[in-house]
Amino acid sequence: MKILAIESSNQTLSVATMEDGLVVAEYTRNGNLQHSTQLMPAVQDVLQAANWTPQDLDRIAISKGPGSYTGVRIGATIAKTLAWTLDKPLIPVSSLKVLAANIDHFDGLVVPIMDARRNNMYTAAFEITNGQIEEELAECHIASEDWFNQLKETNKPILFVGQDLANYQDAIEANLGQQAYFSLKKQWLPSAGVLANLAITAEAEDVHIFTPEYLKKPEAEENWQKAHEGSRKGDYVERID
């Protein structure tokens, strides 16, 4: 099985090719949000490094969010376009699950964190045993203090992972104390290779109806809806045409 995997949900851009469970080529760049100009060249580079044509692919995997609205949209658009034009299965995988899967094993909960501004975060809690990952607490957009209170009530050790830990480490230690553990920095970045591995067993989704998982509406849309509350009904797109 030959897989192309695209991870662009946050500041890290990662693209990989995988064949039969082994990474053939992987490109990862962190700290530059120019995904709109860098993603397609990265796709071309990993395909060329694998000596594959697009038609050789068996699956196209995409990190479906949550994360940066722009990054998620760019990745989803390119993945959907490739899957549709090549008539290949599209395999969406949660970007939080991709991040959590950097951890092979932990006797407790693995909690990926993505900053969502204003002391809010995108997060979830997973149990991981021998590389098998199961969601324990559902993905959410939540205030950090509320999330820490939920985690405290589990009475389980918590391993946090993600580049945005730097913004929350002090608060985590203050709220969870010895219940909290922190992953190594080398495990903080999402990897398209990890995404590709998850996509081996994940289910495909109809390319025509797939939409990214934002967990939260864009701020501009929320502000528009507040300003027009009680006026025309219907969804946001219909109200601005």
Side-chain angles (χ1 to χ4, degrees), residues 1-104 112 114 131-133 162-163 186-214:
M1 180 185 293
K2 295 180 178 179
I3 299 173
L4 170 68
I6 297 172
E7 161 58 69
S8 62
S9 60
N10 274 287
Q11 59 262 46
T12 302
L13 173 66
S14 186
V15 183
T17 48
M18 173 175 284
E19 183 172 13
D20 297 334
L22 293 176
V23 171
V24 179
E26 185 168 6
Y27 171 96
T28 299
R29 182 169 182 173
N30 187 45
N32 189 326
L33 289 175
Q34 299 301 313
H35 295 349
S36 59
T37 58
Q38 296 172 359
L39 181 49
M40 274 308 300
V43 169
Q44 293 169 343
D45 285 348
V46 297
L47 287 174
Q48 184 176 10
N51 198 27
W52 296 353
T53 67
Q55 290 75 17
D56 292 327
L57 297 170
D58 296 304
R59 290 186 158 201
I60 296 171
I62 180 63
S63 181
K64 67 178 181 179
S68 158
Y69 291 108
T70 301
V72 170
R73 281 196 301 268
I74 291 170
T77 299
I78 290 176
K80 288 183 68 171
T81 301
L82 288 171
W84 181 73
T85 56
L86 297 170
D87 193 24
K88 304 294 182 179
L90 178 68
I91 317 296
V93 179
S94 161
S95 54
L96 290 168
K97 189 173 185 178
V98 172
L99 193 53
N102 281 342
I103 310 301
D104 292 325
M114 296 180 183
Q132 300 300 310
I133 181 168
Q163 190 173 6
K186 67 180 182 179
Q187 299 167 317
W188 281 10
L189 300 183
S191 161
V194 171
L195 167 60
N197 188 62
L198 292 171
I200 294 173
T201 55
E203 293 185 1
E205 189 165 326
D206 188 326
V207 67
H208 298 291
I209 64 174
F210 163 70
T211 57
E213 182 58 74
Y214 296 116

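These values consider heavy atoms only, across backbone and side chains, with no hydrogens, waters or symmetry-generated copies.
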- [ ] Look up atom NZ in K64 and atom CG in L195, then write down how far apart they are to the nearest 0.5 Å.
- [x] 11.5 Å

- [ ] Can you see which heavy atom on A50 is nearest to which on V24, and at what distance?
- [x] CB-CG1, 3.5 Å

- [ ] Output the distance between atom CG (L4) and atom CG (D56), rounded to the nearest 0.5 Å.
- [x] 11.5 Å

Task: Min side-chain heavy-atom separation I6-L13 under 4.5 Å - done: no

Open item on the list: If you define the side chain from C-beta out and look only at heavy atoms, does anything of P66 sit under 4.5 Å from Y214?
Closed with: no

Open item on the list: Let me confirm one number: the CD-OH distance from Q38 to Y27, rounded to the nearest 0.5 Å.
Closed with: 5.0 Å

- [ ] Indicate yes or no for a side-chain donor-acceptor contact from W84 to the backbone of L82 under 3.5 Å, with no hydrogens or angles considered.
- [x] no

Task: Polar contact flag, side-chain donor to acceptor under 3.5 angstrom, N10-S68 - done: no

Open item on the list: Quick check for you: to the nearest 0.5 Å, what is the distance between R73 atom CZ and I78 atom CD1?
Closed with: 13.0 Å

Task: Donor-acceptor under 3.5 Å (S63 side chain, S8 main chain) - done: no

TODO: State the CD-OG1 distance between Q48 and T53, to the nearest 0.5 angstrom.
DONE: 12.5 Å

Open item on the list: Within a 6.0 Å radius of atom CG on D87, are there more than 12 heavy atoms belonging to other residues, nucleotides or ligands?
Closed with: no

Open item on the list: If we count only N and O atoms by modelled type, under 3.5 Å, do the side chains of E19 and T17 hold a donor and an acceptor together?
Closed with: no

TODO: Side-chain contact test, heavy atoms from C-beta onward, threshold under 4.5 Å: evaluate it for D20 versus I200 and give yes or no.
DONE: no

Open item on the list: Does any part of the side chain of I60, heavy atoms only, come nearer than 4.5 Å to the side chain of P89, both counted from C-beta?
Closed with: no

Task: By side-chain hydrogen bond (donor to acceptor under 3.5 Å, both in side chains) - contacts of S14 (at least two apart) - done: E26, T28

Task: side chain to side chain contact (heavy atoms under 4.5 Å, CB included) evaluation trace for L39 with V15 - done: CA-CA 8 Å; L39 181 49; V15 183; 3.5 Å; yes

TODO: Answer whether the closest heavy-atom distance between the side chains of E205 and I91 falls below 4.5 Å.
DONE: no

- [ ] Please tell me if the side chains of E7 and S95 come closer than 4.5 Å, counting only heavy atoms from C-beta onward.
- [x] yes

Open item on the list: If you count every heavy atom of other residues, nucleotides or ligands that lies below 6.0 Å from E203 atom CD, does the total exceed 12?
Closed with: no

- [ ] Could you give me the CA-CA distance, side-chain angles and deciding distance for Q163 and L189, then say whether side chain to side chain contact (heavy atoms under 4.5 Å, CB included) is met?
- [x] CA-CA 6 Å; Q163 190 173 6; L189 300 183; 3.3 Å; yes

- [ ] Return the set of residues passing side-chain hydrogen bond (donor to acceptor under 3.5 Å, both in side chains) with W188 (not counting sequence neighbours), or none when no residue passes.
- [x] S183

- [ ] Check whether any side-chain heavy atom of L90 lies under 4.5 Å from a side-chain heavy atom of I62, and answer yes or no.
- [x] yes

Open item on the list: How close do V23 and G193 get, counting heavy atoms only, and between which atoms?
Closed with: CG2-CA, 3.9 Å

Task: Separation between CE of M18 and CG of D58, rounded to the nearest 0.5 Å - done: 13.0 Å

Open item on the list: Just so I know, are the side chains of K88 and R59 near enough to count as touching, which here means a heavy-atom distance under 4.5 Å?
Closed with: no

